[in-house]
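Only one structure is covered here, and it is reproduced in the block below.
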Amino acid sequence: MITRTPIAVHCEEVEPEAPVSDTPLGDWQRQLRDVIRDPAALCRHLGLDFEWSSGARRGHDLFPVRVPLAYLSRIRRGDPNDPLLRQVLPLGAEGDAVRGFVDDPLEERDHTPKPGLIHKYPGRALLIASPTCAINCRYCFRRHFPYADNAPSMREWERTLDYLREDDSIREAILSGGDPLASPDRRLAALVERLEAIPHLKRLRIHTRLPVVIPDRVDDALLEWLGGSRLQKVMVLHINHAQEIDEAVVAACARLKAAGVTLLNQSVLLRGINDDVDTLAALSERLFEAGILPYYLHVLDPVSGAAHFDVPDDEARDLVDALRQRLAGFLIPRLVREVPGERSKTPL
Ligand SMILES: *Cc1c(COP(=O)(O)O)cnc(C)c1O
Ligand code: SF4
């Protein structure tokens, strides 16, 4: 077992605010709007005290705090080391400049042939279907991505889609972001309708964290355009810790599966959050209970501001080896890194 690194914020017990669970959550659009955007308020909700440091200030200015209430309700009160809290709370360490940690670690800016499209790997192309996310994860490799330049209008989409129409080696369209499911269903349905009209496209993949952080996102309107599509449907969720999967998430996953969606999960290996074998084993078990197969375990992309989450490669390999001693083969995620210029994710 690896001991958890102590948190670097000053969090003390303070008088808790009214529990969040007393507040009705409302529909998903409202929940998306009513996210917590202030680290001090976030800590207050959890009975913790927050003190600004220059690093946290810089981190928050560059990549502001965003936490949906449905996610907040799964964070343990009074615990500054809670593994969900640590994913969303900016720390002083975000201000540290660390050699090798840069703004665009994946060099994605070199692979955007059309606005909103990233084509790096053969056979599949990634569409930035929404510039925003419901939650801002502090370790995110896109924390400095120039979304404003990559948020095409519906008319611009047509030119982006021409790229897919003209390349019949592309079999799979991946909706990514930001979080694609932060877009309204109207817009997504129109986009998917256009994708369906491209004969060589076989699969629609959606990379999203929304069914996890706001399970109410999986509503009838979403299931209608998604379930009705002729394309084979794969959803790659993003869950890093078993505690993120509550009963509402399990129910959302059941609805997606009933609509014919294959559910996979990708995680990021994060110091102090899931960097021990018990936590990773519990995550795989819980994912499968919810009908989700572990797909990737990513080592951290070296994005500036996230170096404190880094787990060295040797340790990452040992962790996955230990996991293999414990779990069925299909519960072992592939440990990978994204190397700029490679034509696939690189196994470690
Ligand atoms: C990760 C990624 C994909 C998907 O890769 P898979 O190995 O098929 O999951 C596609 N395009 C880009 C740009 C990616 O970063
Ligand atoms: S949901 Fe995904 S894209 Fe959005 S901030 Fe988190 S890791 Fe980044």
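Indexing begins at 1, ligand by ligand and atom by atom, following the structure's order.
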May I ask you to list the atoms of ligand 2 that are less than 4.0 angstrom from any heavy atom of [X]?
{"X": "Arg209", "value": "1 (S)"}
{"X": "Cys133", "value": "1 (S), 3 (S), 4 (Fe), 5 (S)"}
{"X": "His238", "value": "2 (Fe), 7 (S)"}
{"X": "Cys137", "value": "1 (S), 5 (S), 6 (Fe), 7 (S)"}

**OP:** Answer yes or no for Ile135: is there a heavy-atom contact with ligand 2 below 4.0 Å?
**Re:** yes

**OP:** For His119 and ligand 1, answer yes if some heavy atom of the residue is under 4.0 Å from a ligand atom, otherwise no.
**Re:** no

Going by the order shown, which atoms of ligand 1 are within less than 4.0 Å of some heavy atom of [X]?
{"X": "Tyr296", "answer": "6 (P), 7 (O), 9 (O)"}
{"X": "Tyr295", "answer": "6 (P), 7 (O), 8 (O), 9 (O)"}
{"X": "Glu338", "answer": "15 (O)"}
{"X": "Arg124", "answer": "5 (O), 6 (P), 7 (O), 8 (O)"}
{"X": "Lys120", "answer": "13 (C)"}
{"X": "Ile118", "answer": "13 (C)"}
{"X": "Leu126", "answer": "11 (N), 12 (C), 13 (C), 14 (C)"}

**OP:** Say whether Arg205, considering both its backbone and side-chain N or O atoms, lies within less than 3.5 Å of an N or O atom on ligand 1.
**Re:** yes

Original post:
Do any N/O atoms on His207 end up under 3.5 angstrom from N/O atoms on ligand 1?
Top reply: no

Salt bridge [X]-[Y], side-chain N to carboxylate O under 4.0 Å:
{"X": "Arg203", "Y": "Glu172", "result": "yes"}
{"X": "Asp49", "Y": "Arg44", "result": "no"}
{"X": "Glu247", "Y": "Arg74", "result": "no"}

Original post:
Phe330 vs Phe288 aromatic rings, parallel, tilted or perpendicular, using cut-offs 30° and 60°?
Top reply: tilted

Quick one: does [X]'s side chain have a donor or acceptor within less than 3.5 Å of a partner on [Y]'s backbone?
{"X": "Ser73", "Y": "Ala70", "value": "yes"}
{"X": "Asp179", "Y": "Leu210", "value": "yes"}
{"X": "Arg138", "Y": "Gly59", "value": "yes"}
{"X": "Lys233", "Y": "Leu231", "value": "yes"}
{"X": "Asp275", "Y": "Gly272", "value": "yes"}

**OP:** Please examine the side chains of Leu48 and Asp79, heavy atoms only from C-beta on, and report whether any two atoms are closer than 4.5 Å.
**Re:** no

Original post:
Is ligand 1 under 4.0 Å from a heavy atom in the side chain of Ile174, in the backbone, in both, or in neither?
Top reply: side chain

